[in-house]
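The next block holds one structure in the form of structure tokens; read it before the comments.
Each chain gets a letter, A, B and so on, in the order the sequences are listed, and its residues count up from 1.
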Protein chains: 2
Amino acid sequence: MTKVKKRSNCPISQSLDIWGDKWSLLIIRDLMFAKKCTYGDFLKSPEGIATNILASRLHALEENKIIEKLDHPDSKAKVLYKLTRKGIDLLPIMIEINLWAEKYFSTIPEDRKAMIKEMKKDKPGFIKAMTKELEGLK
Amino acid sequence: MTKVKKRSNCPISQSLDIWGDKWSLLIIRDLMFAKKCTYGDFLKSPEGIATNILASRLHALEENKIIEKLDHPDSKAKVLYKLTRKGIDLLPIMIEINLWAEKYFSTIPEDRKAMIKEMKKDKPGFIKAMTKELEGLK
DNA sequence: ATATTTACTTGTATTATGCAAGTGAATATA
DNA sequence: TATATTCACTTGCATAATACAAGTAAATAT
């Protein structure tokens, strides 16, 4: 993917310039809710992202400081991807997408349904706990 | 645009299947915050959507019951686009995108900044008022 | 020493987007 | 009444993004 130019100063537009495509938020979902953190993990997700697209998205997200690359503790062959603070702060958006989807789609996986229940029960509490958890991953 | 197939049952993925592109949420922004409601209005937005893309997105959003077409009161030549309840319910997502963007982008238009201030001051109140306003447009 | 894993890159076909021009119905203007 | 203009699109074509298949190099396991 070539460099995306800023289309306008609108906050929605500027946000979409970074993660407004069919794949970026799925990578963020993996990092956020599924605790996936390697290239291979992302590839295995059910939507089936193509490997070159994954590479280009990871690159773009890193450039935009949404994620960062770290050494994987298990092996030098592995890379550990992690959400930055800026990436973790996408959590409220991700929560609202989940809540909207839960209202309008009938087919939602059971484990995610359980998580959505938690989100609804205590949204600020969920955000705080999840944020702490994601910050903790080092 | 040809029919988008469902990639998985994940609520994030299913949501992105509908509006996960660079343009759909900008149309929704126009309907939601700028009170634009005609094809020509959308075309005039600063991001400069191409006319064929606009047509295809409007068609897709209508098919997915996010928006609906109504007769324009002023003229038979005009079409009035309106958010459905499902579309209005995207408001919490749109709010969180605004808040995230306000935190991480330095260039935000003044009028939008004022609106974001309102969102932060009383989020449920903002949602309620805006929802009522959008429902009222008939 | 060899095979496998891991994180990619490269090449090519397909699909989507961007741009310019055109169309037909409705409305405004002369 | 005839003509120009507005409005909501459609069409054709160049360019860009995505999907799919295969390949690569470093690190690790056997």
Side-chain angles (χ1 to χ4, degrees), chain A residues 1-8 13 16-27 30-31 34-64 67-82, chain B residues 1-8 13 16-27 30-31 34-64 67-82:
Chain A
M1 196 166 63
T2 41
K3 184 121 148 256
V4 178
K5 63 162 185 286
K6 184 159 108 176
R7 293 174 294 174
S8 82
S13 174
L16 295 177
D17 286 344
I18 295 183
W19 47 256
D21 65 271
K22 292 230 175 285
W23 295 108
S24 295
L25 288 188
L26 293 184
I27 297 170
D30 283 348
L31 287 158
K35 303 299 179 287
K36 295 185 175 186
C37 59
T38 66
Y39 193 91
D41 285 343
F42 304 137
L43 271 186
K44 272 176 232 136
S45 286
E47 293 84 10
I49 190 170
T51 174
N52 55 340
I53 305 297
L54 176 56
S56 91
R57 285 302 168 283
L58 287 172
H59 199 80
L61 289 172
E62 196 192 354
E63 229 172 38
N64 286 294
I67 62 173
E68 58 184 330
K69 287 169 79 168
L70 299 174
D71 292 338
H72 198 287
D74 293 355
S75 153
K76 273 183 210 167
K78 289 187 182 179
V79 173
L80 191 144
Y81 287 96
K82 185 180 172 301
Chain B
M1 194 166 68
T2 41
K3 185 121 147 252
V4 178
K5 63 163 182 285
K6 184 158 108 175
R7 293 174 295 173
S8 82
S13 173
L16 295 177
D17 286 344
I18 294 183
W19 45 257
D21 66 273
K22 292 229 175 287
W23 295 108
S24 294
L25 288 188
L26 293 184
I27 297 170
D30 282 348
L31 286 159
K35 304 297 180 289
K36 296 185 174 187
C37 60
T38 66
Y39 194 90
D41 286 342
F42 304 137
L43 271 186
K44 273 177 232 137
S45 286
E47 293 83 11
I49 190 170
T51 174
N52 55 339
I53 305 297
L54 175 57
S56 92
R57 285 302 169 284
L58 287 172
H59 198 81
L61 290 172
E62 195 192 355
E63 228 171 39
N64 286 294
I67 62 173
E68 57 184 332
K69 287 169 79 168
L70 300 174
D71 292 337
H72 198 288
D74 292 356
S75 150
K76 272 184 211 166
K78 289 187 181 179
V79 174
L80 191 146
Y81 287 95
K82 185 182 173 295

May I have the distance from B/Tyr39 (atom OH) to C/dA25 (atom P), rounded to whole angstrom?
18 Å

The side-chain contact (heavy atoms from CB on, under 4.5 Å) partners of B/His72 (sequence neighbours excluded) come to B/Thr38, B/Asp74, B/Lys78, B/Leu80

Residues that B/Asp30 engages under side-chain contact (heavy atoms from CB on, under 4.5 Å), provided they are two or more places apart
B/Ala34, B/Lys36, B/Phe42, B/Ser45

Is the backbone of A/Leu16 close enough, under 3.5 Å, to the side chain of B/Lys22 for a donor and an acceptor to pair up by distance?
yes

Could you tell me how far apart A/Lys5 (NZ) and C/dT17 (P) are, to the nearest whole angstrom?
14 Å

Which part of the nucleic acid does B/Phe42 contact within heavy-atom distance under 4.0 Å: base, sugar-phosphate only, or nothing?
nothing

Nearest-angstrom distance from the residue atom CG of B/Leu58 to P of D/dC9:
7 Å

Nearest whole Å is fine: how far is D/dA8 C1' from B/Ile67 CD1?
13 Å

Expected string for nucleotides 24-30 of chain D under the B/S/- scheme (protein heavy atoms, under 4.0 Å, primed atoms plus P, OP1, OP2 as sugar-phosphate) is ---SS--

Does a side-chain N or O of A/Lys44 approach OP1 or OP2 of C/dA7 to a distance below 4.0 Å, or not?
no

side-chain N/O B/Lys22 vs C/dG18 OP1/OP2, d < 4.0 Å:
no

Between P of D/dC20 and CG of A/Leu54, the distance in whole Å:
14 Å

Of the options C/dC8, D/dC9, C/dC19, whose atoms approach the side-chain atoms of A/Thr51 most closely?
C/dC8

Are OP1 or OP2 of C/dC8 and a side-chain N or O of A/Tyr81 less than 4.0 angstrom apart?
yes

Measuring to OP1 and OP2 of C/dG18, would you say a side-chain N or O of B/Trp23 lies under 4.0 angstrom away?
yes

Contacts of A/Ala77 that satisfy side-chain contact (heavy atoms from CB on, under 4.5 Å) - sequence neighbours left out:
A/Ser75

Using atom CD1 of B/Ile53 as one end and atom C1' of C/dA21 as the other, report the distance to the nearest whole Å.
16 Å

Given that B/Leu43 and A/Ala50 both sit by DNA chain D, which one's nearest nucleotide is further toward the 5' end?
B/Leu43

To the nearest angstrom, how far is B/Leu26 atom CG from C/dG18 atom P?
11 Å

Take atom CD1 of A/Ile49 and atom P of C/dC8, then tell me their distance rounded to the nearest Å.
13 Å

Results of side chain to side chain donor-acceptor pair (under 3.5 Å) for B/Thr51 - residues two or more places apart only:
B/Tyr39

My understanding is that only residues two or more places apart in sequence, or in another chain, count here; which of them pass side-chain contact (heavy atoms from CB on, under 4.5 Å) with A/Lys44?
A/Asp41

With a 4.0 Å cut-off on heavy atoms, is A/Asn52 in touch with a base, just the backbone sugar-phosphate, or nothing at all?
base

What one should report as the nearest heavy-atom pair of B/Asp17 and B/Lys6 is OD2-CA, 3.4 Å

Look at all strands and tell whether B/Thr38 reaches a base, only sugar-phosphate, or nothing, counting heavy atoms closer than 4.0 Å.
sugar-phosphate

